[in-house]
*Asks:* 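This is the structure I want to talk about, given as C-alpha cells.
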Amino acid sequence: MRRFLSLGLLCLMLLSITVTAQAQTNSTASSTDDTAALELLEALDVESYTAKSEAITAILQSDDERARDWLQALLDGRLQRTEDGRFVLVLENRGRDWPVADVLTGEALGEMSRRDLERVGINNNLRNQLRSAIAVVDLYSPNVERRRTSAERLLGEVDSDLVQPINELIEQEEDDQVRYRLTQAVAIYRAEAGEMEGVEALDGSLHPRSRVALSRAANGDDPVVANAAAASLAGIEQQLKINRGLETLYFGLSLGSVLVLAAIGLAITFGVMGVINMAHGELMMLGAYTTWAMQQLLPGQPGLALILSIPAGFMVAALAGVAIERGVIQFLKGRPLETLLATFGISLILQQLVRTVISPLNRTVITPEWMSGSLVVNDALSLTLNRMYVLGFALVVFAGLMLIMRRTRLGLEVRAVTQNRAMARSMGIRATRVDIMTFALGSGVAGLAGVALSQLTNVGPNLGQNYIIDSFMVVVFGGVGNLWGTLVAGLSLGVINQVLEPWAGAVLAKIIVLVFIILFIQKRPRGLFPQKGRAAEG
Amino acid sequence: MSLTTESSTNFWLTRPFSERSTQIFLGVLIAALALVTLLHVAVPADNPLHIGAYTVNLFGKYLSYALLAVAVDLVWGYLGILSLGHGAFFAIGGYAMGMYLMRQIGDRGTYGNPVLPDFMVFLNWDSLPWFWHGFDMAWFAFAMVLLAPGLLALVFGFLAFRSRVTGVYLSIITQALTFALMLAFFRNEMGFGGNNGLTDFREIVGFDLRSDATRLGLFLATGVALALGFILCRAIVTSKLGRVSVATRDAEARTRFLGYRVERFQLFVFVVSAMLAGLAGALYVPQVGIINPSEFSPIFSIEIVLWVALGGRATLYGAVIGAILVNYAKTIFTGVMPDAWLFALGAMFVLVTVFLPKGVAGLFRYFKRRKRDDTATSDPNADPNSTPKEASA
C-alpha cells in the first residue's frame, strides 16, 4: 500500500514539473513572437511601395497566425498607428471615435479619436498583391496543418489570378495532401472553365465541390468535355453510394455498440441469473456521473479522468448493485415479477436522488482531445473518433466478460449455479457468494457502459431510463443467457435502426424496430440463439 | 382456489355477489357516491363539510384509475399476466373519447373550422384523416372506446398467447408495446395532436364540460362504471372460465395437459381487461380535460401495477383501495413537497413487494383471521379467497 502511495506521489511530482516547464516555454515563445511581429509591422510603415511589397512578402513567410488578420486589415485600411507609434486594428471605422484593438494581442483598447490615428497606406498594386496573398497566405506557412486547411479552403475559390502562384506552390510543396488539394483546386477551376484537362483530373474525386465543377462542365458547350464530365459524375455517384452505405454501417455499428454495452450487463444479471433488474439503466447513469465527478476532481485533465473513471465507474456501479442485491433482490428469489417491481422502485429512487443531490439538469462531460475529431477516410467519408473508441471499448468489455464466464473459476461457478443450484451447492459452491459476485459483475459492466455513454450523450438523471427498454429488447432478441446472442442482437439492431432512419425518420425507425422485435418474439419466444437443453425449459 | 364452493346458490346472477367482501365493497362504493353527491349538492358552500366541484372532479379521476386498476388486477391477479402496457389500452380509450370531444367543439375552435380540429388546421391539413371519421357521432365514439383497445388486445394477445410468450417476457413486450405507441403518438404525422394531445374540450353529449353539474354527473357515471366493471370481473372470476384462468395462473402447463386451450382463456380475459381499461380512459379524459401521449409512458403503466400490488393482488376490491390510496398520496405529495414524490413512490414499490406481498387486502384478512382465531370458531373454509401462489416465469 505504502509503495503505491509513494509511486503515486512521484507521478504527481513529475507531472507538475513537466506542466510548469511547458508553461514557461510557452510564455518565452510568445514574447519572442511579439518582438519579431513588431519588426515585421514596422517594416510596413515606410515611404517606398517597393519596400512595403517586400514587407508584405516577409509577413507572408513568417509563421504568424495573425498574419492573415494584419493583411486583411491593411487591405481594408484598418491597420493604423497611434501618435505614440503603437500599431492598432480599427474594429469599425465609422463615426468620430473608432473602437480599436491591440494588433498583437487582439485585446480591445476602447475608443480612440480618428484624429489620433494614422493609416498605413497602400496603392492599387499592393491591393492586388494583398488580395491574392490573403487567399493563399497560410499556404506559405511552414506549419503543415495550416497549409492543409488553407489548401482545402481554396477548393472552388481559385480564379485566373491565383492559378499561376498556386502552380508555383504545387511544385515547391512537399506534403502530399497539400499538393493533392492544390492540384484539385486548380482542376476545379479548369473544369469549370470547360477544359478537358481539368475534367480528367477530377475523375474519381469525391469532394462535393468537385461534383459541382463536373456538373457545370457536363452542361458546357464542348460535347466531348461534357460527355467526359458526365461519365466521371456517374462514376462518382456510384462511389458516393458505397461510401454512404459504409457510413450508415459505421453509425449502425456505433449505435449497436452502445446497445451492446447497455445490454451486456443485463445479459449477465437477467440472462444468466434470471433476475430482472429494472434499475440497470440507473446503474449506467451512476457510471456516467462517476465520469463527471472524476472530471470535476481532476480539472484540466479530462483524458486522465476518463481513464480513471473506467475502474471507478465499475466499482461504484458494482457496489450499488451489491447493495441492491443484498438489500432487496435476495428476499424476492423465485418471484421474478415482484423483483421487477421492486427494482423499478429502486430506479425511481436513484433517479430522484441524483436530481436532488446533484441537479435535475444535464451535466457536461468533456471529451478529451485524443477522442474528439474524426478519421478522414476520403472526401465523402469521415468517421468520428469518439464513436470508434466506444465501439472498441464495447468489444473489449465483451471479450473480457466472455473470458470471465468461460475461463475463470467465477464463470464456472456461475454456470454451475444457474444450471442446477442445489447440485452446485452440494458440490461445495457457495451459491449466495456467487449470486453477489455475478450481480456485482453485471452492475459493474452497466457502470462501464455509463462511462462510455458519457462521451456520446447528455449525462442527466434520465440517461438510464432511455436505455432500459432497448437493453431488455436486445437481451430478449438475442436469446436470454447467451452473451454472443446479445452481441449479435445489439449490433444488428443498431444497423437496422440506422438503415431505416433515412427514409423513415428517427422516431418511426425506432417504432419499426420495436414492433419487429415484438413480432419476432411471438415467432421465436426464446430469441435468436435459444438455450438448448433442460435449462431452457424453466 | 379463489372460489367459493357453495353449490345450491351457484346461480350466475347471484354468484358474483356471493362473497361477503363484494357485498361490503359495493355497499361502501354506493354509500360513498351518495355521500359525495349529498355533500356537494345539499350542503351550502360555506359549510366545512361541503365538497367543492374540484374535489368531486378529483374523486372522479380516482374512480377512473380504480377501474383501470381492477382491469389490471383481472389479468395479473387471476390470469398471472403482469401487463406493463395497460396504460396503452387506457390511453387508447381516452383518445377515442378525446376524438369525440374534439369533434364536438365544432367551429368554436380558435380557427373556427367546422370539421377539422385546431391542430390539423395548424398543420395545414385540408381534410380529416380516415380514422377520424365517425367520431362526431356519440354512439360510434363510445363503441370505439371499447372496440379499439379490445382490438389491439385481441391482435397482440392472439400473437403472444399462441406462441406461449409468458411471464417476464410477456411483461417486457407489453412494455415495449406501450413504449412504441408513445413514440408513435408523439409524432404529429399520426394525426392525434402529437405532443400536445387533444384538449380544449367544450361539451359531452350536449352538456357543458365546465359546469359543476356535468362534473358531478361524470363522477357518478365513473362510479357506476366502476361498480359494473367490478361486478363483471367478479362474474368472470367466479365462473368456470375464471377457475380455468386461475388454474392457468398457477400451473399453465398442467392446465394445458388437462385439455384446456389455455390461450383462448387467456385471450378472452386479456381482451375484457383491455376494454375495461379503455372505458376507464374514456371516463378519465373528460374529467381531466386533456389526453396526451404521456399516458402511454411505461412508467404510468408500471405505476398501475403498483396500485394493484399495494391494494392486494387477486382481490379486485384491493385494486380499488390501492388505486385510491396511491393517487391520494400523489395528490398530497405533489402539492406539499413535489421532490419527495418519486422517493415515496419508489419506496412504496420496494416496501410493498418485500414486506407486504399481499397488500392492504392481505392485512385486512390477517386481522380478520386473528379475530376469528380469537373467538375460536373452527371453519374449514376459513380463508376461501387465499392469495395466489406465485406464478413463476
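Excluded from the calculations below are hydrogen atoms, water molecules and symmetry mates; all remaining heavy atoms, backbone and side chain alike, are included. Every chain is numbered from 1, with letters handed out A, B, ... down the list of sequences.
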*Asks:* With heavy-atom distances below 4.5 Å as the criterion, would you say the side chains of B/T353 and A/R335 are in contact?
*Replies:* no
*Asks:* How many angstroms lie between atom CG of B/L310 and atom CG of A/L341, to the nearest 0.5 angstrom?
*Replies:* 11.5 Å
*Asks:* Check whether more than 12 heavy atoms from other residues, nucleotides or ligands sit under 6.0 Å from atom CZ of B/R162, and answer yes or no.
*Replies:* yes
*Asks:* If you count heavy-atom pairs within less than 4.5 Å of chain B, which of A/G505, A/S347, A/G345 leads?
*Replies:* A/G345
*Asks:* Any non-hydrogen side-chain atom of A/T343 less than 4.5 Å from a side-chain atom of B/F349?
*Replies:* no
*Asks:* In the structure I gave you, are the side-chain heavy atoms of A/I511 and B/R187 within less than 4.5 Å of one another anywhere?
*Replies:* yes
*Asks:* What part of B/L183 is in contact with chain A, defined as an atom under 4.5 angstrom from a non-hydrogen atom: side chain, backbone, both or neither?
*Replies:* both
*Asks:* Side chain, backbone, both or neither: which part of A/L508 has an atom under 4.5 Å from a heavy atom of chain B?
*Replies:* both
*Asks:* Determine the minimum heavy-atom distance between A/P336 and B/V168, stating which atoms define it.
*Replies:* CB-CG2, 3.6 Å
*Asks:* Do the ring planes of A/F270 and B/Y169 sit parallel (below 30°), tilted (30 to 60°) or perpendicular (above 60°)?
*Replies:* tilted
*Asks:* Which atoms of B/L351 come close to chain A, meaning under 4.5 Å heavy atom to heavy atom: side chain ones, backbone ones, both, or neither?
*Replies:* neither
*Asks:* Quick check on A/R421: does its CZ atom have over 12 non-hydrogen neighbours (other residues, nucleotides or ligands) under 6.0 Å away?
*Replies:* yes
*Asks:* Within the supplied structure, the quantity of interest is the number of heavy atoms (other residues, nucleotides, ligands) at a distance under 6.0 Å from A/R326 CZ; does it exceed 12?
*Replies:* yes
*Asks:* Within the supplied structure, the quantity of interest is the number of heavy atoms (other residues, nucleotides, ligands) at a distance under 6.0 Å from B/F158 CZ; does it exceed 12?
*Replies:* no
*Asks:* Can you say whether B/F156 sits under 4.5 Å from chain A via the side chain, the backbone, both, or neither, judging by heavy atoms?
*Replies:* both
*Asks:* To the nearest 0.5 Å, what is the distance between CG (A/L337) and CH2 (B/W76)?
*Replies:* 7.0 Å
*Asks:* What's the separation between atom CD in B/E303 and atom CG in A/L348, rounded to the nearest 0.5 Å?
*Replies:* 8.0 Å
*Asks:* Would you give the length of the straight line joining atom CD1 of B/I299 to atom CD of A/Q465, rounded to the nearest 0.5 angstrom?
*Replies:* 4.0 Å
*Asks:* Does A/W484 have more than 12 heavy atoms from other residues, nucleotides or ligands lying within 6.0 Å of its CH2?
*Replies:* no
*Asks:* CZ of B/F131: more than 12 outside heavy atoms within 6.0 angstrom?
*Replies:* yes
*Asks:* Most heavy-atom pairs under 4.5 angstrom with chain B, which of A/D470, A/V328, A/V513, A/I521?
*Replies:* A/I521
*Asks:* Checking B/L181 against chain A: side chain, backbone, both or neither under 4.5 Å from a heavy atom?
*Replies:* neither
*Asks:* Within a strict 4.5 Å, meaning less than it, do heavy atoms of the B/Q175 and A/I469 side chains meet?
*Replies:* yes
*Asks:* Given heavy-atom pairs under 4.5 angstrom as the criterion, report whether the side chain, backbone, both or neither of A/R524 touches chain B.
*Replies:* neither
*Asks:* Please name the pair of heavy atoms, one in A/I349 and one in B/A347, separated by the smallest distance, quoted to 0.1 Å.
*Replies:* CD1-N, 3.6 Å
*Asks:* Determine whether B/L306 and A/F344 make a side-chain contact, defined as any pair of heavy atoms from C-beta on separated by less than 4.5 Å.
*Replies:* no
*Asks:* Mark yes when over 12 heavy atoms from residues, nucleotides or ligands other than B/R164 sit less than 6.0 Å from its CZ; otherwise mark no.
*Replies:* no
*Asks:* Is A/L340 close to B/I302 at the side-chain level, that is, under 4.5 Å between some pair of heavy atoms?
*Replies:* yes
*Asks:* Heavy-atom cut-off 4.5 Å, strictly under: side chain, backbone, both or neither for A/I346 against chain B?
*Replies:* both
*Asks:* Do A/Q352 side-chain atoms and B/D339 backbone N/O form a donor-acceptor pair below 3.5 Å?
*Replies:* yes
*Asks:* Side chain, backbone, both or neither: which part of A/L353 has a heavy atom under 4.5 Å from chain B?
*Replies:* both
*Asks:* Using the rule given for side-chain contact (heavy atoms from CB on, under 4.5 Å), can you reason through A/V507 versus B/F186, listing the C-alpha separation, both sets of side-chain angles and the distance that settles it, and then say yes or no?
*Replies:* CA-CA 9 Å; A/V507 180; B/F186 265 125; 5.9 Å; no
*Asks:* Heavy atoms only: give me the nearest A/I518-B/I173 pair and the separation to one decimal.
*Replies:* CD1-O, 4.0 Å
*Asks:* Taking the side chain as everything from C-beta on, heavy atoms only, tell me whether A/M473 gets closer than 4.5 Å to B/I172.
*Replies:* yes
